[in-house]
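Written out below as structure tokens is the structure these notes cover.
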Amino acid sequence: MTTSVRIGDRRNFRRMFGSTTYYLAFGGCLAVILIVWYFAAHKVNYVLTFPYIEDVLARFGEALVDVDYFWRHFLITLVRVLKGVGLAVLIGFPVGMAMGFSPFIMRTLAPYINAVRQIPITAWVPMAIIWFGLGDGPTIFIITFSTVFVVILNVVAAVQDISPDYYNAVRSMGAGQKDVLLDVVLPGCSSGLVTGVRMALGGAWMTVM
């Protein structure tokens, strides 16, 4: 019994950090990219459009050791991303859970959400500056706006994937609507929330740039 548990722990550890083959493939691919970049840049020999890889790595190393400049601005950007994604989760999670659980709310909100999320994010930049002025406000608004729909859609999909058997089981034991939400819907949509947050973080870094 103890041996099987230890074997399972090792498997979970390997899944968490990846296999040796994964890291070898990643390192090999990165090496090929760097080699191709080196020869291609020297072949073009025009640093304004195709900088040398050695120059890029040198500047990157200088930025990493410049604590006062690089890391300070990195932390400012990181705070903006976390605030924007945090607001997206606070808005998108309850909205997505309600839409996935209630057909009436889905029919009511879906047309508006589908219409608004089609608007290009760049179209909101002037309005964000007018509404929030200069500083962190417009950036956080744009990040929130671009990621909240990702959270909503993933949570909706997770709620709709919950088997009806779970609803029938708790209702057969006398559970009310509140109990169904807390004991079935909330745990059931947690996977969708995690997926939505992961995708939102990736989208937020692209948006903040």
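Remember, it's a predicted structure, so these values are computed and weren't measured experimentally.
- Residues Met106 and Val156 form a side-chain contact, since some pair of their non-hydrogen atoms from C-beta on lies under 4.5 Å apart.
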Side chain to side chain contact (heavy atoms under 4.5 Å, CB included) between Ile140 and Phe132, intermediate numbers included: CA-CA 10 Å; Ile140 294 173; Phe132 301 100; over 6 Å; no
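- Residues Ile121 and Phe145 come closest through the heavy atom pair CD1-CD2, 3.4 Å.
- Under the side chain to side chain donor-acceptor pair (under 3.5 Å) criterion, Gln160 pairs with no residue at all, not counting sequence neighbours.
- Pairing each heavy atom of Ala204 with each of Val85, the nearest pair is CB-CG2, 3.7 Å.
- Side-chain heavy atoms closer than 4.5 Å link hydrophobic residues (I, L, V, M, F, W, Y) into clusters, and following such links, even through other members, never connects Ile143 to Val125.
- Leu24 and Val32 are members of different hydrophobic clusters when ILVMFWY side chains are connected at heavy-atom separations under 4.5 Å.
- Among all heavy-atom pairs drawn from Gly92 and Val151, the shortest one is C-CG1, 3.9 Å.
- Heavy atoms from other residues, nucleotides or ligands lying under 6.0 Å from CD1 of Ile119 number more than 12.
- In this structure, Phe50 places its CZ atom where more than 12 heavy-atom neighbours from other residues, nucleotides or ligands lie under 6.0 Å away.
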Step-by-step side chain to side chain contact (heavy atoms under 4.5 Å, CB included) determination, Phe93 to Asn154: CA-CA 9 Å; Phe93 180 62; Asn154 278 278; over 6 Å; no
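- Connection of Ile91 to Val150 is not established within any shared hydrophobic cluster, with ILVMFWY side chains joined at heavy-atom distances below 4.5 Å, either directly or through further cluster members.
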Audit row: Ile129, Trp124, side chain to side chain contact (heavy atoms under 4.5 Å, CB included) steps and yes/no: CA-CA 9 Å; Ile129 295 175; Trp124 291 97; over 6 Å; no
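- The number of heavy atoms from other shown groups lying within 6.0 Å of CZ (Arg171) is above 12.
- The two residues Pro187 and Val184 have their closest heavy-atom pair at CD-O, 3.5 Å.
- Ring pair Tyr38/His42 is tilted by interplanar angle, where 30° to 60° counts as tilted.
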Candidate pair Phe149 and Val116, rule side chain to side chain contact (heavy atoms under 4.5 Å, CB included), full reasoning: CA-CA 10 Å; Phe149 301 111; Val116 173; 4.0 Å; yes
